[in-house]
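Just follow the structure's listing: the first ligand is 1, and inside any ligand the first atom is 1. Side chains included, hydrogens not; waters and symmetry mates left out as well; all remaining heavy atoms used.
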Amino acid sequence: MAGGWAKDGAEQEQIESTLDDAVQRARRQLPRGESLAECEECGEPIPEARRKAMPGVRLCVACQSELDKKQSAFSGYNRRGSKDSQLR
Ligand SMILES: [Zn+2]
């Protein structure tokens, strides 16, 4: 079956692009779920306005921005792109 190999490759590619797409969408919209009343990291209360604006928020502003810095450093390592600028 000559077609088998090529089809495999195509499927793999599609899976990867679908995953990538999902990750990007998740990052933009943020995970849904319970918002925490207090920061998971430092225990500071998270303002209600922030929890409403960001469903599923788990970190206070300070910790989130720390995390963002780390994450953008990581993703910038692999691919530098418009993705990070779209987040803000
Ligand atoms: Zn915090």
Ser35 and Met54: which non-hydrogen atoms are nearest, and at how many Å? OG-O, 3.9 Å
Mind checking the CG-CG spacing from Leu36 to Leu59? Nearest 0.5 Å is all I need. 8.0 Å
Show your working on salt bridge (Lys or Arg N to Asp or Glu O under 4.0 Å) between Glu48 and Lys52 and close with a plain yes or no. CA-CA 6 Å; Glu48 191 173 343; Lys52 276 187 187 161; 3.7 Å; yes
Quick one: side chains of residues 37-45, donor-acceptor pairs under 3.5 Å with protein atoms, not counting sequence neighbours, listed by atom name and distance.
from, atom 1, to, atom 2, distance (Å)
Glu40, OE2, Arg58, NE, 3.0
Glu40, OE2, Arg58, NH2, 2.4

The Zn ion (ligand 1): which protein N, O or S atoms are under 2.8 Å away? Cys39 SG, Cys42 SG, Cys60 SG, Cys63 SG
